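Below, read A as the first sequence line, B as the second, and so on, with proteins coming before strands; counting in each chain starts at 1. If you're wondering where the values come from, they're calculated on a predicted model, not measured in any experiment. Basis for what follows: all heavy atoms, side chains included, without hydrogens, waters or symmetry-related copies.
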There are 2 protein chains.
Amino acid sequence: MELSERKGRILATITETYIVTGEPVGSKYLSASAGFRVSSATLRNEMAELSEMGFLEQPHTSAGRIPSQNGFRYYIDRLMGLYEPSSVDIFRIRSRMDSNEGDPQKLLASAASVLAEMTGCAAIVTTPYSAGSHIRRTDLVPLGGRNVMMVVSVSNGTLKSRICRCDNEVSYEMIDLFYKIAASAFADRAPEEITLPLVQTLAASLGDHAFEMAPLLTAFADAAREAAVTDVLTAGLSNILRHRDFEGRGASLQEFLRNRSNAVRLLRAGTDGQVRVILGSENRCRELLNASVVCAGYSAHGREAGMLGIVGPMRMDYAAVVPLVRYIAGLVGAMLDENTE
Amino acid sequence: MELSERKGRILATITETYIVTGEPVGSKYLSASAGFRVSSATLRNEMAELSEMGFLEQPHTSAGRIPSQNGFRYYIDRLMGLYEPSSVDIFRIRSRMDSNEGDPQKLLASAASVLAEMTGCAAIVTTPYSAGSHIRRTDLVPLGGRNVMMVVSVSNGTLKSRICRCDNEVSYEMIDLFYKIAASAFADRAPEEITLPLVQTLAASLGDHAFEMAPLLTAFADAAREAAVTDVLTAGLSNILRHRDFEGRGASLQEFLRNRSNAVRLLRAGTDGQVRVILGSENRCRELLNASVVCAGYSAHGREAGMLGIVGPMRMDYAAVVPLVRYIAGLVGAMLDENTE
DNA sequence: ATTAGCACTCTGTGCTTGTGAGTGCTAACC
DNA sequence: GGTTAGCACTCACAAGCACAGAGTGCTAAT
């Protein structure tokens, strides 16, 4: 359904005013302060039609209009102009993210915190998918005594390290044996292939050494399992409480997002690396009825690698947020590429 | 000031009832349902005296009494009996904390989350102090390409790892050089002694190699600096919002605790490893006027190592919380000892 | 197609009133 | 002297009501 040029301008003005003020917008305000050169009565007629079409709604009879979910949708898809991040913003973003050279986990965490900070919303970032990746190498660092640190490095950029406690003093023979047998048997496998049974079969073949290697092998299986699941990082969950739109529901939405599997379900990447905006009930979940999600996929080494996005009130400054999310998704991808050239 | 036996019982009953219900307690309730064998008028007389002494106060004229801060103080110091954690609780605690064998950071993080979960309050845990500790060893793990992982292990149990990006392909000569020169020069020093100038002087003496070693050395200085500051872990900040005592102020208290330097200032260990309860204004900060802090120090290898505690409404179940904090502080110390035998 | 005018609707605020809970005080009692 | 019954008093809170203000929808005139 295509709106007339004037209806479009009215919808856009109402939406943008509402985004800023959070108050319903009345016909009087539009005719007096928003630069329309027609009377409030004319605007009322237009607004009545827009209401009938489902683009505007009234909180109550004697209030002004606010955009309905469909109104926001139309505004986002057809009316809004984008504000690309300013060079000051870009500088801020880069200087925050450059300080994590090399560590993908920290890189993603700071992407989340930058997103949260600059949008004032809650940010969600997934770690890279493990699909199609393989274990590149596994290293052991003796820490003295019975402790060893294990570092598993996966081709999608993921690094998992864990400290492993052996039953006896760690010997160089043990470490050598691990490298020779286990590491070589596991390298180039996909993380999700490394199951405990697989590791146990391997252990069985070690004969005498099986027992002393057990902690290392289970730690390895554990690390691989962890590398196989896409983790979810969040930041700025407390921002949720700042928005008066969430008053009352704020704490429960926060609780909802704190659950990682909930959080990750919200992000749905566009097919072509585009930013997607998912409004209210489009999220198909009760907690997000008056919230919206702006998300994008990031890619690394030319393939879709993960997703990131923000959750905020439906009344948010899409014109600025959409380009920001796009920019950060691109930057994360580029920095991941750089890390694992 | 010593209260008569009956006044003590009245204060304790009012406090305990108020802790459970959150409502002011009236004389009628006490005489009817709380097992006092005197009339409400008698209790009113006693309560009036307790009010005059500053142990009770009234939200308004026609309401019942609630304990004042001094009332809570007297109750905690002299009246309350402690409920040691049940064996079920102990089992829950241990099974949550045992899964972090070896990694002190994770151990402390799960201590925080157990504390938060079991008390329904926000939990704060500091990492071990660096005072008196020294760098035990530093290891490098080549991750392929230009990346190296550095693991700095400190004698107080702290481990700091960071990924470091070199300017060229990492060579074994480089790593060897680092081990030979730098690691030996730094080992057994206190983390706070490792300053950037110190590292730079060392680099200068490396001649030709100074340039290629620079990223490793700055990473090391960085890791040492990080190991020198006591970090603060928090958990369950969102619990703050659940307490109706914090209604309105909840978000700002949460914000206050999110600031680590604020959080750590709240914990004040007792002199003798005792649990300390710090009530409302005793915290000397506006945000905590109706909150209280229950904290204890934990020790490792026989010396005071760090602190942990919780922040919650003044109306909390001290009889259960105090022993719980004591138990977890002891357990953390014991587990840290075990980790770094 | 646009506009002025007017009746109508609904919210939010302030005011009043009534109710219930709990106290403080006094005088009687053991 | 400690304890108790009785009563007047205070205060928070909810309900009811009037009123102002904002904004609309409709009609008739331009």
Side-chain angles (χ1 to χ4, degrees), chain A residues 3-11 13-18 20-68 71 244-245 247-248, chain B residues 2-11 13-18 20-68 71 244-245 247-248 290:
Chain A
L3 295 181
S4 73
E5 193 271 341
R6 190 167 70 181
K7 281 206 178 59
R9 263 174 55 221
I10 293 174
L11 178 54
T13 310
I14 290 179
T15 307
E16 282 158 10
T17 310
Y18 176 64
V20 174
T21 65
E23 300 293 324
V25 182
S27 57
K28 212 166 181 177
Y29 168 82
L30 284 183
S31 99
S33 321
F36 284 91
R37 314 201 56 100
V38 292
S39 77
S40 64
T42 308
L43 291 166
R44 273 204 293 284
N45 288 332
E46 294 279 53
M47 287 159 76
E49 285 180 53
L50 282 168
S51 293
E52 212 166 303
M53 292 169 164
F55 291 122
L56 295 178
E57 54 193 27
Q58 287 179 280
H60 55 265
T61 332
S62 72
R65 301 295 210 293
I66 62 176
S68 67
R244 99 180 101 102
D245 306 44
E247 208 154 275
Chain B
E2 186 78 42
L3 294 181
S4 72
E5 193 271 341
R6 190 168 69 180
K7 281 205 177 58
R9 262 175 56 222
I10 292 174
L11 178 54
T13 309
I14 290 179
T15 306
E16 281 157 11
T17 311
Y18 176 65
V20 175
T21 65
E23 301 291 325
V25 182
S27 58
K28 212 166 181 178
Y29 167 82
L30 284 183
S31 97
S33 321
F36 285 91
R37 313 201 57 101
V38 292
S39 78
S40 63
T42 309
L43 291 166
R44 274 205 291 285
N45 289 333
E46 294 280 53
M47 286 158 77
E49 285 179 54
L50 282 168
S51 294
E52 212 167 302
M53 293 168 165
F55 292 122
L56 294 178
E57 53 193 28
Q58 286 178 282
H60 56 264
T61 333
S62 71
R65 300 297 210 292
I66 61 177
S68 68
R244 101 179 100 103
D245 305 45
E247 208 155 276
N290 42 10

Once you round it to whole Å, what is the distance between [atom2] of [N] and [atom1] of [X]?
X	N	atom1	atom2	result
A/H60	D/dG23	NE2	P	9 Å
B/K28	D/dT4	NZ	C1'	15 Å
B/F36	D/dT3	CZ	C1'	16 Å
B/E49	C/dT23	CD	P	15 Å
B/L43	C/dG22	CG	P	13 Å
B/L50	C/dT23	CG	P	13 Å
B/M47	C/dC25	CE	C1'	16 Å
A/R37	C/dT3	CZ	P	11 Å

OP1, OP2 of [N] versus side-chain N and O of [X]: anything below 4.0 Å?
X	N	answer
B/S39	D/dT4	yes
A/R65	D/dG25	yes
B/S27	C/dT23	yes
B/T42	D/dT4	yes

From CG (A/L11) to OG (A/S68), nearest 0.5 Å: 8.0 Å

B/N45 or B/S62, whichever maps to the more 5' nucleotide of DNA chain D: B/N45

A/E23/A/R244 under salt bridge (charged side-chain N to carboxylate O under 4.0 Å, His left out): CA gap, chis, key distance, verdict: CA-CA 11 Å; A/E23 300 293 324; A/R244 99 180 101 102; 3.6 Å; yes

Presence of salt bridge, B/K7 and B/E52, under 4.0 angstrom: no

Salt-bridge criterion met for B/E49 and B/R65 (N-O under 4.0 Å): no

Touch class at under 4.0 angstrom, heavy-atom based, for B/S40 against every strand present: nothing

B/T17 and its side-chain contact (heavy atoms from CB on, under 4.5 Å) partner, picked from B/T21, B/T15, B/I14: B/T21

Residue B/R6, side-chain heavy atoms: nucleotide from C/dG24, D/dC11, D/dT3 that is nearest: D/dT3

Side-chain-base donor-acceptor pair under 3.5 Å for A/T61 and C/dC10: no

Any donor-acceptor N/O pair under 3.5 Å between C/dG5 base and A/R44 side chain: yes

